[in-house]
Amino acid sequence: MSNPRFVSPDLIRQGFSRAMSAMYRDEVPLYGALMALVAQVNAQVLEQQPAIAQHLQRSGELQRLDLERHGAIRVGTAAELATLARLFAVMGMQPVGYYDLTPAGVPVHSTAFRAVHEQALQISPFRVFTSLLRLELIDNTDLQGFAQRVLARRSIFTPKALELIDQAEAQGGLDEENAQGFIQEALETFRWHHHATVTAAQYASLSAQHRLIADVVAFKGPHINHLTPRTLDIDQVQQLMPEYGITPKAVIEGPPRRDCPILLRQTSFKALEEPVAFTDQADSQGSHSARFGEIEQRGAALTPKGRALYDRLLNAARDALGDFPSEANAQRYNQLMHEHFSQFPDNHTAMRQQGLAYFRYFVNETGLAARDNPQRPTDLEALLAAGHLSVEPLVYEDFLPVSAAGIFQSNLGDDSQSHYAGQSNRQAFESALGRPTLDELQLYAQTQQRSLEHCAATLGLAAL
Ligand code: OOG
Ligand code: NI
């Protein structure tokens, strides 16, 4: 039985997300500039496009918009990942989805920790894209052994954080004082450390293998490497970024601009060179680029059918381009994306009728007023046609592997593309994690189903 003195995990997550944002703003001033720009563009969109404001109001996204962000971290060992899963669970965050980044030359596989129920997402949609380094893909066995030994020596959690995780698990929650303590202690895991754990030469050999390996292995902890606010108009932010002293990557990842946004569009700016003190140096003589900025615009969650269409169109556009999108071919890439995506219906009615996206249904005022009329329609399509029910697309809460690869690459430098023989290995990831990852499509389907059940109950119908 849950103790009434316990703080809801959703509120712990909300507090943690706020604390993380404040810490990152202190550490990376450009993040503050980006937040200001995103807030300004969002306010402008809400003012100039009342239909969007109304849609966000109805779906509840308006209230969460200013809180909305995701971060990303990379860990080095199975034990680190498993303890992180326990730490995130204290905040009501579950591992959702499996992302294999090796086809893109990045030796990691990943999941996204996030809340899963629509009511919990409403309180805080904070997500953390979490990657596990795949040391087994490094063919240099000396370096692999060295990396393993360095990682085995570190502890990325404070003793107090571990104690509070144990306590939350044993008691089923944390009271106010412990919840606040937990937020502060958990934050320490994600903090940036100027002091590396290796010598300058060791760092250089890790980095020569892959920049990402140095980023994971050479430091005391899995510093948060970006924190991404949600914008309502990513093209507008991308265009204004240079005025704020921020240089974005050449192309926006994800689908092209549309009237009815789908999935996720993202753009990032390059990591900053930061001073680092290696163990054989007196002070910060070295440097490392770890942290970057990113913004995203979220749209409708797609069904398996919609996602298959998205993947097919994206692949076709990329095949037609014949190369990775870059500065040099950005214009042609955008044009190809627009051409190919003209095959994806750009209105909610068609997306719903063709089963391409997930929706939330709700009884509107007309429906409520007609509730006791024995003549009123009783099946879903007829209720919609009569205007008794309204629909809103469910927002996509997850990530996209091709986009994530593009984000990784732009921040690791384009020279770092490698090829790995390894295959996708969800089983190994889940055994490291200590539990299965959840299927995001099932979560959307459940949310949609709950909304239908709620409509049926409101209208006194057995089912819809
Ligand atoms: C994660 C990159 C992926 C996203 O939003 O797709 C990502 C990383 O660089 O660690 O954050
Ligand atoms: Ni990201």
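Reckoned from all heavy atoms, side chains included, excluding hydrogens, waters and symmetry mates. Atoms within a ligand are numbered from 1 in the order they appear, just like the ligands themselves. Here the structure is a predicted model, which means the values were calculated and not measured.
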Charged tip of Arg153 within 45° of Phe146 ring normal and under 6.0 Å: no
Closer than 4.0 Å to some heavy atom of [X] - which atoms of ligand 1 meet that?
X      : result
Phe399 : 4 (C), 5 (O), 6 (O)
Glu294 : 4 (C), 5 (O)
Phe292 : 9 (O)
Phe129 : 1 (C), 3 (C)

Under 3.5 Å side-chain donor-acceptor pair for Tyr203 and His288: yes
Side chain Thr447, main chain Glu118, donor-acceptor under 3.5 Å: no
Check: Asn42 side chain, Asp233 main-chain N or O, donor-acceptor pair, under 3.5 Å: no
Glu294: its N/O/S atom lying closest to the Ni ion (ligand 2) (atom name): OE1
Which segment of Asn225 sits under 4.0 Å of ligand 1 when only heavy atoms are counted: side chain
Region of Tyr99 that comes within reach of ligand 1 [heavy atoms, distance under 4.0 Å]: neither
His70 touching ligand 1 at heavy-atom level, < 4.0 angstrom: yes
Glu296 to ligand 1, any heavy atom closer than 4.0 Å: no
His226-ligand 1 polar pair, N/O distance under 3.5 Å: yes
Centroid-centroid under 6.0 Å between His226 and Tyr31 rings: no
Smallest separation among heavy atoms of Phe219 and Arg154, with atom names: O-NH1, 2.8 Å
Report the nearest protein non-hydrogen atom to [atom]: residue, atom name, distance rounded to 0.1 Å.
atom                    : result
atom 3 (C) of ligand 1  : Ala404 CB, 3.7 Å
atom 10 (O) of ligand 1 : Arg74 NE, 2.8 Å
atom 5 (O) of ligand 1  : Gln266 NE2, 2.8 Å

Greater than 12 external heavy atoms within 6.0 Å of His194's NE2: no
Single hit among Tyr99, Phe429, Phe129 for ring-ring contact (aromatic ring centres under 6.0 Å, His included) with His109: Phe429
Nearest-0.5 Å distance, CD1 of residue Ile262 to CD of residue Gln297: 11.5 Å
Angle at the Ni ion (ligand 2) (to 10°), with one arm to NE2 of His226 and the other to NE2 of His70: 100°
